[in-house]
Novice: 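Here it is, the structure in full.
Naming: A, B, ... by sequence-line order, numbering from 1 per chain.
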Amino acid sequence: MKLLQFLTAGLLAATALDASAQSSVPDTPAARMARETAPQLFAYTQDVLFGDVWKRKELAPRDRSLVTLSTLVANGQAAQMTSHINLGLDNGLKPSEIVGLITHLAFYTGWPNAMSSVGVAREVFTRRGISADALKPVTEQLLAVEPEAEARRAATVKQNVAPTAPALARYTDDVLFADLWRRQDLAPRDRSIVTMTALIARGQVEQIPFHLNRAMDNGLTQVQAAEVVTHLAFYAGWPRAMSALPVLQTVFAERK
Amino acid sequence: MKLLQFLTAGLLAATALDASAQSSVPDTPAARMARETAPQLFAYTQDVLFGDVWKRKELAPRDRSLVTLSTLVANGQAAQMTSHINLGLDNGLKPSEIVGLITHLAFYTGWPNAMSSVGVAREVFTRRGISADALKPVTEQLLAVEPEAEARRAATVKQNVAPTAPALARYTDDVLFADLWRRQDLAPRDRSIVTMTALIARGQVEQIPFHLNRAMDNGLTQVQAAEVVTHLAFYAGWPRAMSALPVLQTVFAERK
Amino acid sequence: MKLLQFLTAGLLAATALDASAQSSVPDTPAARMARETAPQLFAYTQDVLFGDVWKRKELAPRDRSLVTLSTLVANGQAAQMTSHINLGLDNGLKPSEIVGLITHLAFYTGWPNAMSSVGVAREVFTRRGISADALKPVTEQLLAVEPEAEARRAATVKQNVAPTAPALARYTDDVLFADLWRRQDLAPRDRSIVTMTALIARGQVEQIPFHLNRAMDNGLTQVQAAEVVTHLAFYAGWPRAMSALPVLQTVFAERK
């Protein structure tokens with residue numbers, strides 16, 4: 001089936017296409033270059049990626065921006081970040097949430113990626129007139145933890161990490177789970193989407209089960225989780241998505 | 001054995017060295033810096049990489065440029081792309097093929113890498129006076145598919161992908177295999193080299209078997225496939241090559 | 001437990017905190033931006049990363065700089081390299097060792113990462129008035145090899161690599177192990193730390209056993225190896241560290 005047929009066949013129309021939504025690619029320098037230099041890539045971008053994927057209702061535009069931005073931070077792609085920070089803000093992400101996403105990914109994809117991303121975010125914020133006040137969390141109060149789930153998690157770390165790397169176990173318990181995950185600049189479901197994305201985008205499928213279960217405990221549905229993978233096929237490449245999918249299937253089956 | 005002995009022992013001379021070929025490293029700013037700041041790295045670049053690897057006859061220079069450029073796109077290394085787009089054009093890649101490679105890798109390594117690469121390609125094309133006409137495919141007609149192989153592929157997607165991620169299955173069938181792979185801007189054997197490279201360069205060995213079989217069906221020989229891995233040792237690092245090799249061996253054995 | 005409690009509880013004080021050491025984050029443009037735009041990220045950087053991790057005595061600051069710089073080269077993060085090359089020099093790394101690290105990683109993470117890193121190193125060296133003479137090795141004489149270990153290694157390559165990719169086997173034997181690993185610009189223990197870091201930072205755990213054993217033969221202790229992983233949690237992300245740890249545990253158990 002040709003692409004044109006795919007796009008006009010209406011097979012996806014019921015769930016995917018929303019005539020009222022804009023189908024246009026964000027008008028960025030990169031998009032303008034692609035239109036002239038790589039017309040077929042631009043056609044896919046316009047017709048499939050922004051004309052179809054981004055409009056699918058299985059995942060809200062705000063969630064798609066969380067996934068896309070997390071991929072860019074996770075893979076160190078600062079050069080493509082400006083337009084997606086702008087799009088994320090347009091899609092309802094707060095500036096403090098974008099900074100929260102970057103801070104979260106300092107731990108999940110390493111400090112260098114986070115530090116490079118802060119510079120790009122700062123430029124966008126400045127250009128949009130976003131002040132430092134907008135970046136302050138409303139409250140410093142940490143979220144409560146669910147004691148049983150936390151006890152299970154801590155027991156795993158105590159058994160598997162602490163005997164060999166006691167400091168890594170302590171940082172995991174005291175900084176990541178007793179502090180970072182409890183901060184209110186980013187909701188737990190958002191943190192789960194960000195973490196899942198980082199794992200899939202960097203090909204770390206062996207750690208998906210713990211975080212997918214946590215994501216679903218935090219409110220992510222099965223359909224949304226599968227849609228995160230579908231969206232990621234376009235932003236982290238097909239192989240990353242295809243390798244993650246069987247792990248999702250196993251977790252879905254186990255939770256039934 | 002010292003490097004000097006390695007290079008003068010003549011062990012590789014029969015298959016590898018071609019006295020008529022140029023052994024010089026492309027004269028780029030990076031190479032000039034390496035010569036002064038990292039003289040040993042420059043020596044390896046001159047004596048082993050360009051003096052030996054690139055001259056080996058197991059893989060044509062045009063194929064080596066496909067592999068090298070695909071690695072740079074796959075790993076987001078736009079900073080090193082200018083000299084290799086120039087070298088690729090010198091080695092016989094058409095501008096439309098380079099754009100086709102980038103477009104193909106949008107799907108196989110994610111949109112951000114492709115969008116960053118388009119900007120670099122555009123600059124090189126402009127500097128070389130390559131017009132937009134040279135980027136248009138000769139024909140929009142899609143290549144025919146081999147029905148049996150395509151039916152087997154589609155059945156796998158239907159069984160493994162569609163139940164959990166139906167949209168991902170549809171994009172795979174309708175956009176990747178019914179459209180992208182059939183476009184004439186890049187020959188199927190070239191697409192296979194590009195795809196294999198992306199998988200090896202990003203450490204995604206679990207997906208090599210499908211694409212190596214497809215590559216060999218598309219005309220890549222066993223010796224050429226092994227040489228792709230050898231070339232990649234230098235451009236994606238030894239560990240990526242070493243982890244890919246056992247998978248190649250398994251596929252080779254199964255095809256006998 | 002809150003972060004503040006973690007930092008004041010004194011749990012880590014005995015082994016980790018050294019009142020005489022500086023706790024300040026290097027004053028770089030990135031750090032200044034983070035302080036204003038991502039205050040929580042800056043707090044973690046100041047209180048946990050530089051206030052705690054970098055001061056832990058399980059690994060010397062010079063070793064931590066080897067690990068950090070290797071991560072930046074391995075993951076192509078040239079944008080964050082300037083401050084860490086400066087810090088590495090402050091921590092006792094010689095300019096020739098930093099160039100040796102980059103040259104080593106050309107082979108272990110690919111030429112493009114190395115070539116981009118040379119440019120950054122060159123700029124730092126120029127600004128610090130480091131001359132080309134400082135980059136020359138004291139001697140060109142290659143280190144001796146331990147014949148039995150080398151024979152075992154060569155036998156593995158002969159059996160597993162040579163039949164399928166004879167040129168890759170030859171480059172491995174003659175360039176990597178008969179030349180690169182024997183160069184005196186970087187001590188064998190340092191090369192092992194650099195190599196281990198590259199494997200962990202790029203998620204290539206299947207190749208850790210050979211190189212961890214080699215690292216421990218070259219003088220890295222069990223505690224230091226675990227601390228490399230702990231340090232890497234912050235620079236390559238928690239998932240990379242967590243996936244590496246079980247492999248370390250297996251190797252530690254086997255060596256007993």
Novice: Chain C heavy atoms under 4.5 Å from Leu176(A): which part of the residue, side chain, backbone, both or neither?
Specialist: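 When you check distances to chain C, only side chain atoms of Leu176(A) fall under 4.5 Å.
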Novice: Check whether Leu232(C) gets within reach of chain A through its side chain, its backbone, both or neither, counting any heavy atom under 4.5 Å.
Specialist: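 Answer is neither: Leu232(C) stays 4.5 Å or more from chain A.
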Novice: What are the two closest heavy atoms between Ala236(C) and Arg202(A), and how far apart are they?
Specialist: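 That closest heavy-atom pairing would be O-NH2, 2.8 Å.
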Novice: Mind ranking Gly76(A), Ala132(A), Ser116(A) by heavy-atom pairs under 4.5 Å with chain C and telling me who comes out on top?
Specialist: Ser116(A)
Novice: If you count the non-hydrogen atoms of other residues, nucleotides and ligands that lie under 6.0 Å from CZ in Arg35(C), is the total more than 12?
Specialist: no
Novice: Measure the CG-OH distance between Leu180(A) and Tyr44(C) for me, rounded to the nearest 0.5 Å.
Specialist: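 Answer for the CG-OH pair, Leu180(A) versus Tyr44(C), is 4.5 Å.
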Novice: Mind telling me whether Trp111(A) and Phe234(C) have parallel, tilted or perpendicular rings, with 30° and 60° as the class edges?
Specialist: tilted
Novice: By the definition side chain to side chain contact (heavy atoms under 4.5 Å, CB included), identify the one residue from Leu135(A), Thr126(A), Ile98(A) that meets it with Thr37(C).
Specialist: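 Among Leu135(A), Thr126(A), Ile98(A), the one that satisfies the side chain to side chain contact (heavy atoms under 4.5 Å, CB included) with Thr37(C) is Leu135(A).
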Novice: Of the backbone (N, CA, C, O) and the side chain (C-beta and beyond), which part of Phe125(A) lies under 4.5 Å from a heavy atom of chain C, both, or neither?
Specialist: side chain
Novice: Non-hydrogen atoms of chain A under 4.5 Å away: do they reach the side chain of Phe252(C), the backbone, both or neither?
Specialist: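 Contact with chain A involves the side chain of Phe252(C) alone.
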Novice: What are the two closest heavy atoms between Gln207(A) and Ser243(C), and how far apart are they?
Specialist: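 Of all heavy-atom pairs spanning Gln207(A) and Ser243(C), the closest is NE2-OG, 2.7 Å.
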Novice: Considering non-hydrogen atoms only, spot the tightest contact between Met115(A) and Ala34(C) and give its length.
Specialist: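 In terms of heavy atoms, the two residues are closest at CE-CB, 3.9 Å.
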Novice: Thr109(A) versus Trp238(C): any side-chain heavy-atom pair under 4.5 Å?
Specialist: no
Novice: Mind checking the CD-NE2 spacing from Gln40(C) to His104(A)? Nearest 0.5 Å is all I need.
Specialist: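 Nearest 0.5 Å value for the CD-NE2 distance: 13.0 Å.
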Novice: With only heavy atoms counted, which part of Val223(C) is less than 4.5 Å from chain A, the side chain, the backbone, both or neither?
Specialist: neither
Novice: Go through the atoms of Met242(C) and report whether side chain, backbone, both or neither lie under 4.5 Å from a heavy atom of chain A.
Specialist: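 Looking at Met242(C), backbone and side chain both touch chain A.
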Novice: Please determine whether side-chain hydrogen bond (donor to acceptor under 3.5 Å, both in side chains) holds for the pair Gln77(C) and Asn113(A), giving the CA-CA distance in whole Å, both sets of side-chain angles, and the decisive distance to 0.1 Å.
Specialist: CA-CA 8 Å; Gln77(C) 292 157 322; Asn113(A) 285 343; 2.8 Å; yes
Novice: Taking the side chain as every heavy atom from C-beta outward, state whether Val53(C) and Tyr171(A) have any pair of such atoms under 4.5 Å apart.
Specialist: yes
Novice: If you count heavy-atom pairs under 4.5 Å with chain A, which of Leu248(C), Val229(C), Leu49(C), Leu72(C) comes out on top?
Specialist: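 Among Leu248(C), Val229(C), Leu49(C), Leu72(C), the one with the most close pairs to chain A is Leu49(C).
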Novice: Under a 4.5 Å heavy-atom cutoff, which of Ile102(A), Asn160(A), Thr172(A) has the most pairs with chain C?
Specialist: Thr172(A)
Novice: Have Gln249(C) and Thr164(A) got a donor and an acceptor in their side chains that come within less than 3.5 Å?
Specialist: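 Yes, a side-chain donor-acceptor pair sits under 3.5 Å.
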Novice: Please examine the side chains of Val99(A) and Leu41(C), heavy atoms only from C-beta on, and report whether any two atoms are closer than 4.5 Å.
Specialist: no
